[in-house]
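Working notes, structure below.
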Amino acid sequence: MKTTKQTKSTKTNIMNKTDSNFANASTKKKIGFFSAMLVVVGSCIGSGIFFKAKSVLVGSQNSIILAMVCWIFVAFATLCMALALIEIVSARNDNLSLIGWCKTFNNRLIYKFSKNYMFYLYTPIKGFFLPLYMVMSMQDAVAAIYISKGMPYSGFGTSADWTIIMVIAICVSLYFTLTCGYSIKIGNAQNWVITSVKFLPLALAAVIGFVIFGINNGLPAGSQFAPGFSQWNPSAMSRPEQFYTFRILPGLGFFIAASGILYAYDGFYGAAGIKTEMKEPHKAPMAIVMGLVVTTIIYLIIAISMSLGSTAGNPQGLVHFFAKKNIIWLFAIFQIFIGIGIMGVTNGYNMFATRFVEDLVRDGELPFSKTGAKYLAKGSRFVGALYCLAITIPTIILFSIIGAFYVNTTDAGYGVLFSKLDSLQGTPIYSAVQGLVSPDGAIYYTYGTGVGKLYTFCDMVSNWSALFIFLFITLALIGGLRNRKTNQVKVNKFKFFIPMSLIAAICISIPIVVTIVEPFVNLIFLAKIPTSTDGYVDSILVPRIMALVMLLFYLAFATLPTIIEDKIGIKKYGSIAKYEEEKINQIDIIMHKPLGSTSDTDAK
């Protein structure tokens with residue numbers, strides 16, 4: 001395994017010591033195997049399956065068959081990855097999860113990159129977009145009820161609705177971070193309750209599409225999708241949205257769609273992030289595997305159901321069916337439960353985040369680690385939570401302000417499409433909605449002043465989030481393959497590790513590479529779109545530029561903290577190696593542990 005000389009002495013100590021985290025952990029364990037498996041399911045299943053189903057269909061050239069192949073492709077790759085992680089996870093006995101895997105099986109640069117990404121970027125950004133998606137689902141529910149009664153819906157009705165959403169996001173982050181950080185028992189109980197509730201919309205989503213397909217004896221009227229491919233007309237300059245990489249270069253859409261599915265699997269590694277809280281920590285790898293198997297089965301059923309029964313491939317495309325049966329209230333309940341499901345993802349991630357942050361503090365890897373270590377030594381339960389909140393709340397405030405004002409247009413044009421009026425003919429609400437019809441013959445609702453733009457910005461911010469997670473896991477698998485030759489890290493060898501790792505690394509790397517390259521190519525394709533096109537600046541130019549800006553933003557924030565830290569370390573101690581050694585020793589003295597016995601441990 002490749003290591004840098006500045007960590008060589010530290011690594012030697014690591015390889016020769018016992019697991020201090022487990023030795024000092026409470027003997028009263030709180031999490032059983034089934035609960036750990038539910039953490040995987042609860043952390044994965046939330047908004048992803050509902051929000052990404054349509055994008056997968058669009059990326060698959062509107063082909064239901066190709067979309068299903070795409071889901072199966074990613075499910076297969078993810079399960080291979082889960083099996084390969086059986087060996088990777090066995091190398092560590094702490095809560096660092098993928099950060100620890102990168103540290104053990106890769107060099108310092110990759111480890112620092114993953115650590116910076118998870119703490120400085122992913123944790124606060126997830127604290128920003130998950131509460132917003134929760135509120136959006138709730139607003140979709142209320143809007144459906146309003147429109148079914150012939151009433152327009154415009155959010156909270158204030159001049160700055162986005163501020164209300166921001167406050168809600170802060171409150172949600174405060175609650176789940178503090179409760180999960182304080183007690184794993186509370187987090188586990190919340191996960192059981194929320195996961196039980198979220199299975200209601202999952203069950204409905206799994207069934208309703210097949211019911212609609214059976215009633216219609218085929219795809220519903222107005223469906224945007226078909227078994228075969230939709231053809232692209234290169235002369236259709238009136239449709240500038242066609243000038244995207246996956247449209248002009250057939251086949252790439254499959255891999256871009258695949259990267260969207262990876263987002264739906266994000267969060268599974270949370271079970272490895274509560275390893276020290278499990279009754280049987282050695283069963284953490286199997287909890288991940290079984291949790292992903294359950295998640296995969298649910299995803300495939302729902303994806304097929306949404307493709308067959310929803311006109312848009314997502315829950316909004318079910319509106320016509322619910323309106324026809326005069327059960328809009330059921331659609332509203334469905335959306336509310338989706339929002340509750342997103343709370344479960346928030347809960348699961350905070351169970352993991354607060355604990356990996358504490359392990360990073362024990363390793364001296366975060367600002368003010370010595371102060372944090374003092375409180376950890378005194379038995380404080382809020383160190384991880386306070387670190388998370390210190391970086392999440394400012395991010396929510398900053399991103400909410402940017403999102404509410406980053407485009408200079410009316411809020412999303414007409415608003416969010418509820419339904420075309422023609423498609424509601426013959427339904428009980430047809431007469432009630434006559435006064436809500438726009439000039440284009442459709443019915444819209446808005447999320448409130450500034451909120452539509454905030455949600456659009458939220459989508460853009462979250463798009464890159466899961467991609468880097470799977471990049472780090474892939475790098476850990478590659479490092480694990482190297483370790484099979486060097487045997488520098490002691491692991492519990494898994495018989496099928498090599499083939500599973502190779503399959504997962506190849507199948508996951510391709511979507512990642514294609515998706516990273518896409519925004520650069522999309523900027524080139526701007527030359528094909530007339531600047532006179534309606535909405536050129538706001539709907540075409542700004543989104544493409546911002547997609548690239550966000551990618552560069554992610555890369556910068558994941559690398560800059562290490563550059564700054566190393567400069568300070570060299571100035572203070574003369575070398576990075578000396579700095580790393582002194583940093584660890586200072587924390588160990590505070591924690592009353594033998595020198596070199598931080599949370600970074602290899603399995604014995």
Check this for me: does any side-chain nitrogen of one of Lys103 and Glu580 sit under 4.0 Å from a carboxylate oxygen of the other? no
Less than 4.5 Å apart, any side-chain heavy atom of Cys171 and any of Ile168? no
Relative to the ring of Trp71, is the ring of Tyr299 parallel (under 30°), tilted (30 to 60°) or perpendicular (over 60°)? perpendicular
Report yes or no: does Asp363 contribute a side-chain atom to a donor-acceptor pair with the main-chain N or O of Ile584 at less than 3.5 Å? no
Do side-chain atoms of Arg381 reach the backbone of Ser183 as a donor and acceptor pair under 3.5 angstrom? no
Identify each donor-acceptor pair in which a side-chain atom of residues 382-400 lies under 3.5 Å from a protein atom, sequence neighbours left out, and give them as a table.
{"residue": "Tyr387", "atom": "OH", "partner": "Pro367", "partner atom": "O", "Å": "2.6"}
{"residue": "Tyr387", "atom": "OH", "partner": "Phe368", "partner atom": "O", "Å": "2.9"}
{"residue": "Thr392", "atom": "OG1", "partner": "Cys388", "partner atom": "O", "Å": "2.7"}
{"residue": "Thr395", "atom": "OG1", "partner": "Ile391", "partner atom": "O", "Å": "2.7"}
{"residue": "Ser400", "atom": "OG", "partner": "Ile396", "partner atom": "O", "Å": "2.6"}

Donor-acceptor under 3.5 Å (Asn483 side chain, Gly479 main chain): no
Donor-acceptor pair, Ser462 side chain versus Asp459 backbone, under 3.5 Å? yes
Donor-acceptor pairs under 3.5 Å, side chain of residues 561-573 to any protein atom, not counting sequence neighbours: which ones?
{"residue": "Thr562", "atom": "OG1", "partner": "Asn116", "partner atom": "ND2", "Å": "2.7"}
{"residue": "Glu565", "atom": "OE2", "partner": "Tyr579", "partner atom": "OH", "Å": "2.8"}
{"residue": "Glu565", "atom": "OE2", "partner": "Lys583", "partner atom": "NZ", "Å": "3.2"}
{"residue": "Asp566", "atom": "OD1", "partner": "Arg108", "partner atom": "NH2", "Å": "2.7"}
{"residue": "Asp566", "atom": "OD2", "partner": "Arg108", "partner atom": "NH1", "Å": "3.2"}
{"residue": "Tyr573", "atom": "OH", "partner": "Gln586", "partner atom": "NE2", "Å": "3.0"}

May I ask you to decide if Asp359's main-chain N or O and Asp94's side chain share a donor-acceptor pair within less than 3.5 Å? no
Going by the angle between their ring planes, with limits at 30° and 60°, are Phe34 and Trp192 parallel, tilted or perpendicular? tilted
Can Tyr349 and Thr123 be counted as having a side-chain donor-acceptor contact under 3.5 angstrom? yes
So, for Phe557 and Phe553, is the gap between ring centers shorter than 6.0 Å? yes
Measuring from Arg362:CZ to Asn95:CG, what's the distance to the nearest 0.5 Å? 8.0 Å
Summary of salt bridge (Lys or Arg N to Asp or Glu O under 4.0 Å) pairs that have at least one residue in residues 460-475, sequence neighbours excluded: none
Thr559 side-chain N/O to Ala556 backbone N/O, donor-acceptor pair under 3.5 Å: yes
Between Ser465 and Tyr554, a side-chain donor and acceptor under 3.5 Å: no
Would you say that Val89 contacts Trp101 through its side chain, given a criterion of any heavy-atom pair below 4.5 Å between the two side chains? yes
Ser369 (side chain) donor-acceptor with Leu366 (main chain) under 3.5 angstrom: yes
